[in-house]
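Worksheet: the structure to be examined is printed underneath.
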Amino acid sequence: MKYSRPRGTRDFLPEEMAARRSVEQRMRRVFVRFGYAEVATPTFEHLELITAKSGEEIVAHLYHFKDKGGRDLALRPELTAPVMRLYVNELQSSPKPLRLYYFGNCFRYERPQAGRYREFWQAGVELIGSSSPEAQAEVIALAKAVLDELGLRNYELHVGSVGVLRKFLEERGIAEGEQCRIMGIIDKGDEEQLEEELLKLGLSEEDRSAIAGVLELKGERSAVVSRAEELLAGREAALNELRELEGILDALESFGVREYTLNLGIARGLDYYTGMVFEIYASKLGAEKQICGGGSYSLAETFGGKPVATSGFAFGFDRIMLALEKDGVELGGEEGAKIMVIPFGEEYLDRAIEISALLRRSVACELEVMRRKVKKALSYASSKGIDYVVLVGEETERGRVLLKDMRSGEQREVDIEELERELAG
RNA sequence: GCCACGGUAGUGUAGCCUGGUUAGCACAAGGGACUGUGGAUCCCUUAGCCCGAGUUCAAAUCUCGGCCGUGGCCCCA
């Protein structure tokens with residue numbers, strides 16, 4: 001092998017590509033059905049755009065480079081920041097809400113493993129301009145609608161809120177920067193470190209156990225909510241945030257989404273999430289089983305725009321493909337009948353070319369270009385799954401060809417003028 | 001960045017432990033037997049030891065390093 005692929009990248013062969021396109025197209029249809037319009041952004045952006053959103057640390061996980069003008073650029077590691085930049089640059093004064101969807105490849109310099117590649121694909125949406133419970137619920141319902149449309153069965157939806165905890169901390173006089181740090185620690189799941197940090201911030205024993213208690217809450221809505229209310233008794237700001245979440249859940253249930261886990265332990269480690277967050281896991285996948293992540297956030301101001309409430313999510317497209325496969329979902333891309341034109345020898349080649357060109361006005365057909373004997377050409381057609389073969393020979397002098405049905409083996413003479421109609425039907 | 005296992009024609013494999021003929025087999029691909037008819041048979045052809053260094057008279061085989069793959073840890077915007 002002379003040249004190998006760069007690490008963590010993949011080639012997609014025709015069969016796999018057909019399956020990917022079919023899934024992609026069905027995803028798009030659902031996005032469109034919900035009123036979302038597609039946008040696309042560059043494959044690379046200024047490095048600062050990425051670091052503005054995610055901090056300097058992530059440079060270690062980026063493909064970044066200097067171009068010939070000395071500019072620091074990076075291949076996009078995700079699409080939320082580019083899309084919000086696009087919004088700030090071009091769409092701030094368009095009617096609200098703005099519903100955008102995207103689909104594209106992203107790049108991260110990380111160690112490849114199951115469901116993790118250095119080049120991968122994301123599909124997602126942003127609903128910009130509304131902070132209403134129904135807007136936030138809509139994006140969750142949309143994510144679920146896509147998965148259901150695709151026929152995925154084994155997945156779990158977890159809904160939570162980073163707002164509850166943020167308000168709790170805010171009420172205790174803890175600054176936003178500190179809140180973010182705490183959320184990051186929660187996301188890592190390091191309980192000892194969390195306890196330590198909270199102690200340093202001067203939180204009482206009671207506060208600390210309330211936080212630890214809330215973070216463990218996970219399960220059916222009413223049980224989680226009533227327990228959270230007990231733990232948060234007297235913390236009005238946090239309770240308000242809980243009620244806000246309940247409003248979203250009410251709307252979500254109106255959308256018909258009733259199967260979910262209320263999980264107050266989701267922290268999403270990201271500084272820009274403000275309230276509702278959600279994640280979807282495909283239970284059959286391995287270590288990398290999260291197939292979707294999203295929530296409500298405020299990012300426009302980070303990129304120099306006016307603050308605007310936004311909800312959105314991103315699917316890990318490759319992981320969804322893996323999940324569908326593990327679920328045994330059939331992904332055959334639908335195609336029309338396959339047709340092939342074969343000449344009886346070189347003297348009929350020109351005529352065969354003309355006939356194939358004629359047919360292509362309405363159907364897909366391929367021409368025998370190997371100058372093979374009919375026997376070999378038919379053998380090829382057979383192994384390729386060709387449905388109909390048009391044999392071009394002496395009959396062509398009477399304006400006719402032989403049409404052979406490869407399934408039944410039956411064959412008859414047909415006028416060339418009628419051929420197109422025969423095959424289109 | 002760390003750990004485990006792996007890497008032989010296009011694909012799947014035998015050989016490796018116990019260094020030593022032309023590295024074997026199956027399928028696939030191209031051609032032919034069959035000059036106007038496929039999914040059958042037979043024949044021929046193409047094509048391989050991941051890369052590099054070391055040990056040795058001799059390395060696919062043993063040792064080390066690298067690259068790549070698979071899975072896991074860390075991380076996961």
Side-chain angles (χ1 to χ4, degrees), chain A residues 1-11 13 45 49-62 74-84 106-118 120 122 124 180 183-184 187-190 267-273 277 279 285-295 297 299 302 312-314 316 319 322 340 342-348 352 368 370-396 401-413:
Chain A
M1 176 131 351
K2 214 152 189 181
Y3 299 101
S4 59
R5 264 174 276 131
R7 180 154 213 207
T9 62
R10 290 157 294 160
D11 292 316
L13 303 184
E45 295 273 358
L49 176 82
I50 316 294
T51 54
K53 176 184 172 243
S54 307
E56 292 291 336
E57 322 81 66
I58 58 111
V59 173
H61 302 288
L62 290 176
L75 298 183
R76 59 191 181 193
E78 51 97 42
L79 285 161
T80 299
V83 169
M84 289 313 288
C106 301
F107 306 82
R108 295 182 190 178
Y109 192 87
E110 289 181 299
R111 186 73 195 245
Q113 63 188 70
R116 175 188 279 185
Y117 306 97
R118 287 184 171 180
F120 58 98
Q122 280 196 344
C180 291
M183 300 309 286
D187 195 38
K188 280 182 192 160
D190 188 338
R268 295 242 74 202
L270 315 174
D271 297 352
Y272 54 88
Y273 281 97
V277 289
E279 297 185 339
L285 296 185
E288 303 289 316
K289 65 178 183 173
Q290 189 183 327
I291 55 173
C292 179
Y297 41 84
L299 254 182
T302 307
F313 66 77
R319 290 182 188 176
L322 289 171
M340 182 170 179
I342 303 173
F344 280 114
E346 286 174 35
E347 64 267 43
Y348 298 109
E368 163 62 23
M370 298 280 282
R371 303 208 168 181
R372 282 181 290 214
K373 289 169 184 158
V374 173
K375 198 175 184 90
K376 288 284 182 182
L378 281 171
S379 172
Y380 162 84
S382 179
S383 67
K384 199 66 197 299
I386 299 284
D387 299 291
Y388 295 98
V389 164
V390 175
L391 291 159
V392 181
E394 62 183 13
E395 301 82 359
T396 197
V401 290
L402 297 174
L403 177 60
K404 184 180 179 74
D405 182 330
M406 293 296 283
R407 293 188 172 203
S408 64
E410 284 163 21
Q411 164 180 310
R412 64 205 163 85
E413 234 181 84

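Lettering follows sequence order; numbering is per chain, from 1. Not measured: the values here are computed from a predicted model. Excluded from the calculations below are hydrogen atoms, water molecules and symmetry mates; all remaining heavy atoms, backbone and side chain alike, are included.
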Can I get a per-line list of side-chain donor-acceptor pairs under 3.5 Å for residues 383-394 of chain A, giving both atom names and the distance, sequence neighbours left out?
residue  : atom : partner  : partner atom : Å
A:Ser383 : OG   : A:Tyr380 : O            : 3.0
A:Lys384 : NZ   : A:Glu366 : OE2          : 3.2
A:Lys384 : NZ   : A:Tyr380 : OH           : 3.2
A:Asp387 : OD2  : A:Lys338 : N            : 2.7

OP1 or OP2 of B:G38 sitting under 4.0 Å from any side-chain N/O of A:Lys376?
-> no
Between atom CD in A:Glu57 and atom C1' in B:C76, what is the gap in whole Å?
-> 13 Å
Could you check whether A:Gly8 gets within reach of a base, just the sugar-phosphate, or nothing at all, counting any heavy atom under 4.0 Å?
-> sugar-phosphate
Which whole number of Å gives the distance between the C1' atom of B:A9 and that of B:G48?
-> 4 Å
With sequence neighbours excluded, tell me which residues meet side-chain contact (heavy atoms from CB on, under 4.5 Å) with A:Pro343.
-> A:Tyr348, A:Leu349, A:Ala352, A:Glu368
Nearest of B:C76, B:G36, B:G71 to any side-chain atom of A:Leu402?
-> B:G36
Do A:Leu402 and A:Phe344 come within less than 4.5 Å of each other through their side chains, counting heavy atoms only?
-> yes
A:Glu395 near the nucleic acid: base, sugar-phosphate alone, or nothing, with a heavy-atom cut-off under 4.0 Å?
-> base
Could you tell me the separation between the CD atom of A:Glu279 and the P atom of B:C76, rounded to a whole number of Å?
-> 12 Å
The side-chain contact (heavy atoms from CB on, under 4.5 Å) partners of A:Leu75 (sequence neighbours excluded) come to A:Thr43, A:Phe44, A:Tyr63, A:Phe65, A:Phe107
Heavy-atom pair with the smallest gap, counting every atom of A:Thr9 and A:Arg5 | O-NH1, 3.2 Å
Where the side chain of A:Arg108 is concerned, which of B:G31, B:G36, B:A77 is the nearest nucleotide?
-> B:A77
For B:A53, which nucleotide is its Watson-Crick or G-U wobble mate, given both distances must be under 3.5 Å?
-> B:U63
P gap between B:G31 and B:G36, integer Å = 14 Å
Using the C1' atom on both, measure B:U8 against B:C3 and round to a whole Å.
-> 27 Å
Whole angstrom value for the distance that separates P of B:G7 from CZ of A:Arg7 = 17 Å
Sugar-phosphate, base or nothing in reach of A:Tyr272, heavy atoms under 4.0 Å = sugar-phosphate
CG of A:Leu378 versus P of B:G38: gap in Å, rounded?
-> 7 Å
Sugar-phosphate, base or nothing in reach of A:Leu391, heavy atoms under 4.0 Å | base
Minimal heavy-atom distance between A:Ala314 and A:Gln122, with the atoms involved, is CB-OE1, 4.0 Å
Rounded interatomic separation in angstrom, taking CG from A:Asp387 and C1' from B:G38 = 14 Å
Nucleotide B:C74, atom C1' - distance to CG of A:Asp187 in whole Å | 14 Å
Sort out the partner of B:C34 for me: Watson-Crick or G-U wobble, both distances under 3.5 Å, none otherwise.
-> none
Considering only atom C1', compute the distance from B:U45 to B:C50 and round it to an integer number of Å.
-> 26 Å
Can you see which heavy atom on A:Ala52 is nearest to which on A:Thr302, and at what distance?
-> O-CG2, 3.6 Å
Residue matched to B:G24 through Watson-Crick or wobble contacts both under 3.5 angstrom | B:U13
Among B:C73, B:U35, B:A77, which nucleotide sits nearest the side chain of A:Gln113?
-> B:C73
Between B:G30 and A:Arg372, is there an OP1 or OP2 to side-chain N/O distance shorter than 4.0 Å?
-> yes
Listed by chain and number, what are the side-chain hydrogen bond (donor to acceptor under 3.5 Å, both in side chains) partners of A:Thr396, not counting sequence neighbours?
-> A:Arg351
Using the C1' atom in both, what is the distance from B:G6 to B:G66, to the nearest Å?
-> 16 Å
Any donor-acceptor N/O pair under 3.5 Å between B:U37 base and A:Gln411 side chain | yes
With both distances under 3.5 angstrom, what nucleotide forms a Watson-Crick or G-U wobble pair with B:G69?
-> B:C5
So which one's nearest nucleotide on RNA chain B is more toward 5', A:Met370 or A:Asp405?
-> A:Met370
A:Leu322 to A:Gly115 - nearest heavy-atom pair and separation = CD1-CA, 3.6 Å
Atom pairs, protein N/O to nucleotides 39-42 of chain B N/O, distance under 3.5 Å:
none

Applying side-chain hydrogen bond (donor to acceptor under 3.5 Å, both in side chains), name anything that partners A:Lys53, two or more places apart in sequence or on another chain.
-> A:Glu78, A:Tyr272
For RNA chain B, determine which residues of residues 286-295 of chain A have any heavy atom closer than 4.0 angstrom to one of its atoms, and list them numerically.
-> A:Gly286, A:Ala287, A:Glu288
Tell me the partner of B:A29, counting only Watson-Crick (N1-N3 plus N6-O4 or O6-N4) or G-U wobble (N1-O2 and O6-N3) with both under 3.5 Å; none if nothing fits.
-> B:U45
Send over the distance from A:Lys404 NZ to B:U37 P, rounded to a whole Å.
-> 10 Å
Sequence-distant partners of A:Glu395, side-chain hydrogen bond (donor to acceptor under 3.5 Å, both in side chains), two or more places apart = none
Do any side-chain atoms of residues 285-292 of chain A form donor-acceptor pairs under 3.5 angstrom with protein atoms, and if so which ones, sequence neighbours left out?
residue  : atom : partner  : partner atom : Å
A:Glu288 : OE1  : A:Arg319 : NH2          : 2.7
A:Glu288 : OE2  : A:Gln113 : NE2          : 3.4
A:Gln290 : NE2  : A:Cys292 : O            : 3.1

Between B:A77, B:G30, B:C74, spot the one nearest the side chain of A:Lys53, thanks.
-> B:A77
Please tell me which of A:Gly345 and A:Thr9 maps to the more 5' nucleotide of RNA chain B, matching each residue to the nucleotide holding its nearest heavy atom.
-> A:Gly345
Does the side chain of A:Met406 reach to within under 4.5 Å of the side chain of A:Leu378, using non-hydrogen atoms?
-> yes
Heteroatom pairs (N/O) under 3.5 angstrom, protein to nucleotides 1-4 of chain B:
residue : atom : partner  : partner atom : Å
B:C2    : N4   : A:Arg111 : NH1          : 3.0
B:C3    : N4   : A:Arg111 : NH2          : 3.4

Once you round it to whole Å, what is the distance between P of B:C75 and OH of A:Tyr117?
-> 22 Å
List in chain and number order the residues that pass side-chain hydrogen bond (donor to acceptor under 3.5 Å, both in side chains) with A:Arg7, two or more places apart in sequence or in another chain; answer none if no residue qualifies.
-> none
Considering only the P atoms, how many Å lie between B:U55 and B:C16, rounded to the nearest integer?
-> 25 Å
In whole Å, what separates the P atom of B:C74 from that of B:C64?
-> 28 Å
Mind checking the C1' distance from B:C51 to B:C44? Whole angstroms is fine.
-> 34 Å
Could you tell me which residues satisfy side-chain contact (heavy atoms from CB on, under 4.5 Å) with A:Glu346, sequence neighbours excluded, listed by chain and number?
-> A:Arg371
Could you tell me which nucleotide pairs with B:G39 by Watson-Crick or G-U wobble geometry, both distances under 3.5 Å, or answer none if nothing does?
-> none
